Amino acid sequence: MDKELIQHFIIEALKEDVGDGDHTSLSTIPADTLGKAKLLVKDEGILAGVELALEIFNVVDAGLKVNVFLNDGATVKPKDVAFEVEGNAQSILKAERLVLNCMQRMSGIATTTRQIVELLNGTNTKVLDTRKTTPGLRYLEKWAVRIGGGVNHRFGLYDMILIKDNHVDYAGGIREAIERANQYLTDNNKKLAIEIEVRNLEELDQVLQTGHVNRILLDNFNFADLRQAVNIIQGRFITEASGGITIDNIREYADCGVDYISVGALTHSIKSLDLSLKAI
């Protein structure tokens, strides 16, 4: 966990939610009231965000005590209790919504990721996330993917070169884009992996003739072409498939022999896990 990033996130999220005060709690609950609450699971899935919740409670009120029963990555079912928190009642309520918002979304992502990981059992293919994340929540969403057993792709535009179709079109062609990317790394003394997207077997051939990349993204290939592409590449480059891939067909894509499958839906189209924080 990146402590500095998480601390900044929590502080800004609390500013957004609390503003100049939780006036409902301040007006109805005496300041010295002590309370206890439990994180109740109301759905089946994979739990994620417990470690983050501990940080949130600590930032809100270091005097809050949390007793954890289920950790990140645990398989949960309705009526399970992930943890109990006790201390100042106003502090518990101040932290409640931020804890739930984060844990529900992270658990939904971890649950979907785990489903896909299980579908890929028996293959050598791993599932990747993408940059299709909620602005400001990318770190948390990619964290949840890891909890679910998936693999993080690049975190942003800064930690990998990924030459997509628009880059190729603007650059004037595949060879031009690859050569310029390599020259840029040399000129700026940077060490970044280079991945390039291809849309068909003809573009794949151009990449193979040019070389100097680390990974090839085979986008929107049908199964026959994908198998042919993997056979042509013969392990010389890391392979990744994307485009039109769902839970229903991902196993068939994996059976084509690609190293990775990227699934944007892991972070942009998931159903949050139903959780609640209930006073005891």
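Because the structure is predicted, anything quoted here is derived from the model rather than measured.
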Test item: [X] and [Y] side chains (from C-beta on) under 4.5 Å apart, heavy atoms:
X: Arg146; Y: Asn152; result: yes
X: Tyr184; Y: Leu192; result: no
X: Thr239; Y: Leu226; result: no
X: His153; Y: Arg131; result: no
X: Val230; Y: Val258; result: yes
X: Val76; Y: Leu70; result: yes
X: Ile6; Y: Leu140; result: yes
X: Ile116; Y: Ile247; result: yes

Are the side chain of [X] and the backbone N or O of [Y] linked by a donor-acceptor pair below 3.5 Å?
X: Asn222; Y: Asp225; result: yes
X: Ser107; Y: Ala48; result: yes
X: Arg251; Y: Leu119; result: yes
X: His8; Y: Leu5; result: no
X: Asp72; Y: Val50; result: yes
X: Arg97; Y: Asp17; result: no
X: Asn101; Y: Leu98; result: no
X: Ser91; Y: Val60; result: no

same_hphob_cluster([X], [Y]) at 4.5 Å side-chain heavy-atom cutoff:
X: Leu277; Y: Met103; answer: yes
X: Leu218; Y: Ile232; answer: yes
X: Val117; Y: Val145; answer: yes
X: Phe237; Y: Phe221; answer: yes
X: Phe223; Y: Val198; answer: yes

Could you check whether atom CG of Asn124 has more than 12 heavy atoms from other residues, nucleotides or ligands sitting under 6.0 Å from it?
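Incorrect, the count does not exceed 12.
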Are more than 12 heavy atoms from other residues, nucleotides or ligands located less than 6.0 Å from atom OH of Tyr170?
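Counting neighbours around OH of Tyr170, 12 or fewer heavy atoms of other residues, nucleotides or ligands fall under 6.0 Å, so no.
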Please name the pair of heavy atoms, one in [X] and one in [Y], separated by the smallest distance, quoted to 0.1 Å.
X: Ile92; Y: Gly35; value: CD1-O, 3.6 Å
X: His23; Y: Ser27; value: O-OG, 2.7 Å
X: Gly73; Y: Ile147; value: N-CG2, 3.4 Å

I need the [X] [atom1] to [Y] [atom2] distance, nearest 0.5 Å.
X: Leu100; Y: Leu39; atom1: CG; atom2: CG; value: 6.5 Å
X: His212; Y: Thr210; atom1: NE2; atom2: OG1; value: 8.5 Å
X: Cys102; Y: Leu275; atom1: SG; atom2: CG; value: 11.5 Å
X: Glu51; Y: Ile56; atom1: CD; atom2: CD1; value: 11.5 Å
X: Gln90; Y: Thr33; atom1: CD; atom2: OG1; value: 7.0 Å
X: Ile233; Y: Asp259; atom1: CD1; atom2: CG; value: 9.0 Å

May I ask you to decide if the ring planes of Phe57 and Phe83 are parallel, tilted or perpendicular, using 30° and 60° as cut-offs?
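Rings of Phe57 and Phe83: perpendicular, as their planes differ by over 60°.
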Between Lys271 and Asp43, is a salt bridge (charged side-chain N to carboxylate O under 4.0 Å, His left out) present by the stated rule, with each step listed?
CA-CA 11 Å; Lys271 175 183 177 294; Asp43 214 344; 3.2 Å; yes
Any donor-acceptor N or O pair under 3.5 Å, side chains Ser262, Glu240:
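Yes.
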Indicate whether the side chain of Thr134 and that of Glu141 have a donor and an acceptor atom separated by less than 3.5 Å.
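Side chains of Thr134 and Glu141: pair found under 3.5 Å.
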When you look at Glu179 and Arg175, which way does the salt bridge (charged side-chain N to carboxylate O under 4.0 Å, His left out) test go after all the steps?
CA-CA 6 Å; Glu179 290 178 347; Arg175 178 177 294 277; 3.6 Å; yes
Kindly indicate, with the supporting measurements, whether the criterion side-chain contact (heavy atoms from CB on, under 4.5 Å) is fulfilled by Thr24 and Leu93.
CA-CA 10 Å; Thr24 307; Leu93 292 174; over 6 Å; no
Looking at Lys142 and Asp129, is any side-chain nitrogen of the basic one under 4.0 Å from a carboxylate oxygen of the acidic one?
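Looking at Lys142 together with Asp129, the answer is yes, because their closest N to O distance falls below 4.0 Å.
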Option from Glu202, Glu197, Glu203 for which side-chain hydrogen bond (donor to acceptor under 3.5 Å, both in side chains) with Arg199 holds
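Of all the options given, the one that passes is Glu203.
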